[in-house]
Amino acid sequence: MDVSEINTGDTAWVLAASAMVLLMTPGLAFFYGGMTRSKSTLNMMMMSFVTIGIVSVLWVFYGFSLAFGVGDSGWFGSFDLSGLGSSVNSLTFNGTPYPIPLLSFAAFQLMFAVITPALISGAIADRARFVSWCVFVGVWVSIVYFPVAHWVFDFGNADGKGAGWLAAAGVEDFAGGTAVHINAGAAGLALAIVLGRRVGFRRDPMRPHNLSLVLVGAGLLWFGWFGFNAGSALGANGLAALAFMNTQVATAGAVGGWLLVERVRDKHATSLGAASGAVAGLVAITPACAFVAPWAAVVIGFLAGAVCAMAVGLKYKLNYDDSLDVVGVHLVGGLVGCLAIGFFGTKAVNAAGKDGVFYKGGLELLGIQAKGAFSVLAFSFVVTLIIGFAIEKTMGFRISRDAELEGIDVSEHAESAYELDGVTGSGFGGGLAMVTGKMTRNDSVEGTA
Amino acid sequence: MDVSEINTGDTAWVLAASAMVLLMTPGLAFFYGGMTRSKSTLNMMMMSFVTIGIVSVLWVFYGFSLAFGVGDSGWFGSFDLSGLGSSVNSLTFNGTPYPIPLLSFAAFQLMFAVITPALISGAIADRARFVSWCVFVGVWVSIVYFPVAHWVFDFGNADGKGAGWLAAAGVEDFAGGTAVHINAGAAGLALAIVLGRRVGFRRDPMRPHNLSLVLVGAGLLWFGWFGFNAGSALGANGLAALAFMNTQVATAGAVGGWLLVERVRDKHATSLGAASGAVAGLVAITPACAFVAPWAAVVIGFLAGAVCAMAVGLKYKLNYDDSLDVVGVHLVGGLVGCLAIGFFGTKAVNAAGKDGVFYKGGLELLGIQAKGAFSVLAFSFVVTLIIGFAIEKTMGFRISRDAELEGIDVSEHAESAYELDGVTGSGFGGGLAMVTGKMTRNDSVEGTA
Amino acid sequence: MDVSEINTGDTAWVLAASAMVLLMTPGLAFFYGGMTRSKSTLNMMMMSFVTIGIVSVLWVFYGFSLAFGVGDSGWFGSFDLSGLGSSVNSLTFNGTPYPIPLLSFAAFQLMFAVITPALISGAIADRARFVSWCVFVGVWVSIVYFPVAHWVFDFGNADGKGAGWLAAAGVEDFAGGTAVHINAGAAGLALAIVLGRRVGFRRDPMRPHNLSLVLVGAGLLWFGWFGFNAGSALGANGLAALAFMNTQVATAGAVGGWLLVERVRDKHATSLGAASGAVAGLVAITPACAFVAPWAAVVIGFLAGAVCAMAVGLKYKLNYDDSLDVVGVHLVGGLVGCLAIGFFGTKAVNAAGKDGVFYKGGLELLGIQAKGAFSVLAFSFVVTLIIGFAIEKTMGFRISRDAELEGIDVSEHAESAYELDGVTGSGFGGGLAMVTGKMTRNDSVEGTA
Amino acid sequence: MKLVTAIIKPFKLDEVKQALEAIGVHGMTVSEASGYGRQRGHTEVYRGAEYTVDLVPKVRIEVLIEADDADRVVDAIVAAAQTGRIGDGKVWCQPVDTVVRVRTGERGVDAL
Amino acid sequence: MKLVTAIIKPFKLDEVKQALEAIGVHGMTVSEASGYGRQRGHTEVYRGAEYTVDLVPKVRIEVLIEADDADRVVDAIVAAAQTGRIGDGKVWCQPVDTVVRVRTGERGVDAL
Amino acid sequence: MKLVTAIIKPFKLDEVKQALEAIGVHGMTVSEASGYGRQRGHTEVYRGAEYTVDLVPKVRIEVLIEADDADRVVDAIVAAAQTGRIGDGKVWCQPVDTVVRVRTGERGVDAL
Ligand SMILES: Nc1ncnc2c1ncn2[C@@H]1O[C@H](COP(=O)(O)OP(=O)(O)O)[C@@H](O)[C@H]1O
Ligand SMILES: Nc1ncnc2c1ncn2[C@@H]1O[C@H](COP(=O)(O)OP(=O)(O)O)[C@@H](O)[C@H]1O
Ligand SMILES: Nc1ncnc2c1ncn2[C@@H]1O[C@H](COP(=O)(O)OP(=O)(O)O)[C@@H](O)[C@H]1O
């Protein structure tokens, strides 16, 4: 294939979509950060931001290669793309050729690798040592995410070999219901178990400290998710448009589903519910967005919203502290979406797909989907448990009880998020903060002005 | 037209633009949400978020069809596109063929249908029952927005029939000055009348509780509006570039116009003024962006900024409580923009347009524009008044005085937006909140930890 | 060149990128606005918003022309494009022809002209008269930015003449390391000197009042920067993809570099550090993004993060009050990036570039880069100093000491950013604010309700 | 000299201020407080669980006055702050040894 | 009548509330405060400089009681708020002339 | 035992703290307040209407001291907080029956 064959329209869409997906991780940081108490919001957001840093660097050196490198295995790629040292003219091949630069494909996929571990962080809010989290992210993407991305997203080399084993098995997962959401959800459950419950879990309300911030996050996630789902078409075409439309209407349905459950159960529809419902819908439609009709997307979204609204209560019953509901939203929502394809999938909208139960396709597709979903779930849960306990036993994964009570922002980052009030935020900081000897290092606080 | 004829570049732009327009509704939520008092910000934002949900679902089932379905009428479409069940390969036809997937056109137009009712919500801040708002949105889009979108945006079927009556009359409204802004502004006025004034209107300042949030909203709106206006070219071409440039410079002019009025009148230029001015400029250039030269866009923007800055005081004079100035900004700004085309419109920049007063075109174009603007204004105002009173008389539209005083966030959503302070936000929630019997339903708050 | 030759894919990408770059300026407003104390955040954000307004208007009338107008000089353009009155069908020529509308190129470049002066504002937080700032922006872009943009970004007319003297000299600056960052950084230093130190500098901590807002800003900047860097390819191609990937991984490296320095020096990695590190990396990779390999981008980013983390302490040592570290991040980061090309630049990734020190290119490229960087630095610093002192001597540039102590938001804008608390934010404003005679102007506060 | 302290409902602040002005008291200090008592706060819902906030927002007013004015001031506050509904608050009066106006150093009644 | 004021660590508020309920005190007023004393606050880092915040978050509780109950109430608060670590706070008791319940105008003990 | 309460301008807090340290007072409790008096607050503009905020930000300081120290402490605060401009605030002194240190249960002077 010659470089002159680049399709600028496809490339434009993949570039724009990649930027949109990058924005999802800060969006997630705000969504999660607003949900914590004010004493731990910075740590929550830092977990996302540092994940962008760590995963992006590893991606250059071996991550992309491990996931998409040319090799024979269905389990992982190779090391032949390490360093991403290709010229600007290489094009993309993934099962079939795509007329977009290889680096744009690599950048797009990178954003998926970034957000997946970031999603996990919600399960361990308020209590994880920051250094341990950094180590966890590096290890986890290397032995969980990069391989699983190969399983699901690699459709093979030009020689017809090297497709991921789930991709080869016909699992339909357009944008990462398994590799991203079930994967992160299962890992979140494992880490919640490793780290244990927060002080005050099931006693204190621990309500969101800033719902505006939660909604800012939800808005940016929703926006970015169009890149995530419609960008997964790797081109600006009808498939992308279908994925786009389904993403929108499923999310709409899920907002409705969640709020309806709240209204009936609690008599009030909450803004946290609207935000959570939106995310649940986005999660559920992720695998399905290019395989179902728009009306079916509404139904899948509605189901996901309603089911997840009920699932977030499970942690209180089962007594694990999945603090910001990674399990209830991403694992459960991911399962709803992956399995729903088995029912609603139809060749009528996308000839590349299969017909599901409701389209006379029988149970075959559903079976394949279940295999994909549960394989990833089991692998991720078990390996994460091992990594988590290994870190816990060696360097320790949890901060002290006192630090947790005072707030992890102060203990891990020596910062507090807000200085809004009249006394401390008035700018008469000299009256309130005393400078320690350390300050002399750069002479910065002798009286001046 | 064959599927091979899809233009990937046009499609890429319409997809990106659609995502940008979606982001405008959360942006609007923040813009409005920051302007309310802290006790009603969540309700304000919820009105926008739930509108995304409701309208998107209706769009699938009949909304898109009612607006753009193939039929003979100039008043509404048909039901032939219900369910959006088309294959991924359908292309778009609207007056002329567009080489983009039909679903991308449907998604783009959906975002307009979403934001229009959301705009209305600003007029009734702090006091509308949430359920009544949901019902209102469903009814209003069905009998006001979907038809009006047909009037203005439908340029007819392949058989040459079915164009909207205003489109057929030659009304120039590139991106929705009439269908979106005048429509929402007139409806906002009607609802403000139906619901009546807030407790303390004209006595308490009711100043914005969070101007950072207002500016976050304004920033996202500005960004998304490029999708709104330049995306309305339905392709990546010179018209889109003209619309893009005009959008930017008109908005710039409007910030200047508004701040200048403030500076002269109040001696201070405010950040609320900058944000409001930006929105006023964006509104005014919406219909005009592809019909005028950039220098004219600056002038139109400046005028809109200055006029709207003065118009927002009207509500105090006329004693209607258009709480967040939907009338002063969207109705007035929309009128400025629609009528300005009659003066500044020129074939020199866009051969498809007409020449206005300043280009020796005489009063013809101005007359057409006035007809378009006032037709939509009158229809929207009257029908909204009827819908509003119908809801008020049946289920009730306004919350109780006590609930309003305590704050609608608590009364309608059982939430408060911020828990920032040392006592309630310290995470020692157990010390401050007592759990009612209800909690036992899911056992969630027996002492643990 | 015929209009039919427009490339819709390239155009789609440039339009999307332009919108993304516009969003950077609000993003910057939040990044800066969160870093100030709560009493001066609105002023900080207003400086950015008003800059969008002023520069956009000037751009239409002469800015674009002065930078890119057809002329013979290497120092500035001409006035032949004043008014941007071109038809929608003009295409772009800048050294070579680009199949995108001229207006899309003008819009894209406008966003650069907007953000550059906005960057400067961080150096003079809390203390600049708003009117003086407005005047400064108008003058500064006219005699500093527009010419410098010509020097660096204009590659000449169709007749082969009129390229900027630095562009002609072979300075490699893909997206504005010199014209944007070094330029703004040097100007920031000059203005910090002109305005002098804030009351309490080096005595009070003056810590960020809202780190969530800082992170929102950083997230939007990161997103928008993909448009900035990858959009500078002016097309959707391999070069854009390379720039995109490098932008991401350099930023990732910089977050790592900054946090590592903090961890070692202060024992804590802060969220302000993560946000600042990201910006430092984005700055440094800006000139280099299309000339180096991804692994080199990681290294450049890491270096920039680490060096800038140390450079922000300089102001305390040298006793100038560059309040939000425009010098430490943009000047230093810009220098790191521009000079790094001299080492890491390679034809292997981009045939249009030159080989640097590490690719057997010797010192030639490094010399050229140094010439470009220091020419812009010196010109900007000196001219800004002159403009600054001229404003200071004539209209005055600094607010009074009392106004600064009370807070510039109140003194310059008659607003305060937050009304969150129970007393003032409770909506019982009538209880807390007394209306002066002025209110009678519009009758707005006689008892009603 | 006496110190009168009042805990009232926030939306009554304006009326109390006016009532005090009316009887010639032109200074006071106001702060935020939360009240615990018979009155219960609103209900909040979080993830399907329902909470009653047991601390209710209140405003505290402190007024320094001449000893002789004590009853008049207390009565004025009570009259202005009363709604008759639970949670209206308390007003109390305490002895004060000295008062100084910081600006001038004046003591006693002159400091008011 | 007495006024008991207590400055305590914020996370002890709940236990103090329960202790007071236990001895029959059903009303109090709570507010935020910052304490300066032996206890030092946490450390914050900003741009490479390290600060120790010398004001530590505290909660202030005010309880109006009958004079005879003073010791019992003070003791109950001290017992409930004690952690034994520096910064536990202070409790003090002051005389009060009158107390009025705003809702009813009742005075003295009836107002509690 | 006495309780000295001072309402001062917020930016004077640091100087008052230092002045108290200088005369051997090492503990105090600080809180936010809003003052109403001769001093008027700043002006805010909203949608073309102008408001004068009549509550001005203040800081309240409470210091428990031995009765004998009262004058010295009051004088030190007044000296440190004075700017000579309207709104400098008030300082007053009240009797206290008992003080208890929560950490140890110590009473009276030992509790300070
Ligand atoms: N014993 C007390 N000491 C101090 N403050 C009290 C006491 N009892 C009540 N309060 C304050 O008075 C407020 C009103 O009391 P509450 O019992 O709710 O209603 P009411 O006074 O109308 O009977 C409470 O919110 C609290 O702030
Ligand atoms: N002299 C004082 N007057 C008023 N409040 C005081 C005084 N001394 C201490 N406090 C309050 O008591 C709190 C605890 O005092 P501190 O000296 O830190 O510990 P401890 O009481 O355990 O010795 C302080 O944070 C402050 O709020
Ligand atoms: N009678 C009063 N009771 C309680 N506090 C008062 C009283 N008068 C004034 N204050 C407090 O003292 C502050 C300063 O008073 P003000 O009259 O403005 O100036 P000055 O004390 O300089 O004459 C006020 O803001 C208020 O907090």
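What you see is a predicted model; the values in this text were computed from it and never measured. First the proteins, then the strands, lettered A, B, ... as listed; each starts at 1.
- Comment: B/Arg198 engages B/Asp126 in a salt bridge, judged by a side-chain N to carboxylate O separation of less than 4.0 angstrom.
- For the residue pair C/Trp59 and C/Gln109, no side-chain donor N or O sits within less than 3.5 Å of a side-chain acceptor on the partner.
- Of the listed residues C/Ser18, C/Gly217, C/Gly34, the one with more heavy-atom pairs under 4.5 angstrom with chain B than any other is C/Ser18.
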Check: Going through the distances and angles, do B/Asp321 and B/Lys315 end up as a salt bridge (charged side-chain N to carboxylate O under 4.0 Å, His left out)?
Finding: CA-CA 6 Å; B/Asp321 184 1; B/Lys315 65 184 179 187; 5.2 Å; no
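- C/Phe61 touches chain B through its side chain: at least one heavy atom from C-beta onward sits under 4.5 Å away, while N, CA, C and O do not.
- Heavy-atom distances place the side chain of C/Leu110, and not its backbone, under 4.5 Å from chain B.
- Using a 4.5 Å cut-off between heavy atoms, B/Ala269 touches chain C through backbone and side chain atoms alike.
- C/Tyr98 and C/Asn7 share no side-chain donor-acceptor pair at under 3.5 Å.
- Per-residue counts of heavy-atom pairs under 4.5 Å with chain C were compared for B/Ala274, B/Gly256, B/Gly219, B/Ser212; the largest is that of B/Ser212.
- In terms of heavy-atom pairs under 4.5 Å with chain C, the best-connected choice from B/Ala296, B/Ala230, B/Ala417, B/Ser271 is B/Ser271.
- Put simply, of B/Val14, B/Thr8, B/Leu215, the one with the most heavy-atom pairs under 4.5 Å next to chain C is B/Leu215.
- Chain B forms the most heavy-atom pairs under 4.5 Å with one residue out of C/Leu42, C/Val60, C/Leu22, C/Thr11, and that residue is C/Leu22.
- The pair B/Arg398-B/Glu404 counts as a salt bridge, with a side-chain nitrogen and a carboxylate oxygen less than 4.0 angstrom apart.
- When heavy atoms are compared at a cutoff of 4.5 Å, B/Val216 approaches chain C by way of both its backbone and its side chain.
- In the model, B/Asp409 has no side-chain atom that pairs as donor or acceptor with a side-chain atom of B/Ser40 under 3.5 Å.
- By number of non-hydrogen pairs under 4.5 angstrom with chain B, the leading residue of C/Gly9, C/Gly33, C/Ser416 is C/Ser416.
- A distance of 11.0 Å separates CE of B/Met20 from CG of B/Leu220, quoted to the nearest 0.5 Å.
- Of the charged side-chain nitrogens involved, at least one lies within less than 4.0 Å of a carboxylate oxygen, so that C/Glu419 and B/Arg207 count as a salt-bridged pair.
- Interface remark: B/Leu259 contributes side-chain atoms only to the contact with chain C (heavy atom separation under 4.5 Å).
- Residue contact with chain B, scored on non-hydrogen atoms closer than 4.5 Å, involves the backbone and the side chain of C/Leu15 alike.
- Rounding to the nearest 0.5 angstrom, the gap separating the CG atom in C/Leu28 from the CZ atom in C/Phe49 is 10.5 Å.
- Note: B/Asn210 leads B/Asn210, B/Val255, B/Leu314, B/Thr251 in heavy-atom pairs under 4.5 Å with chain C.
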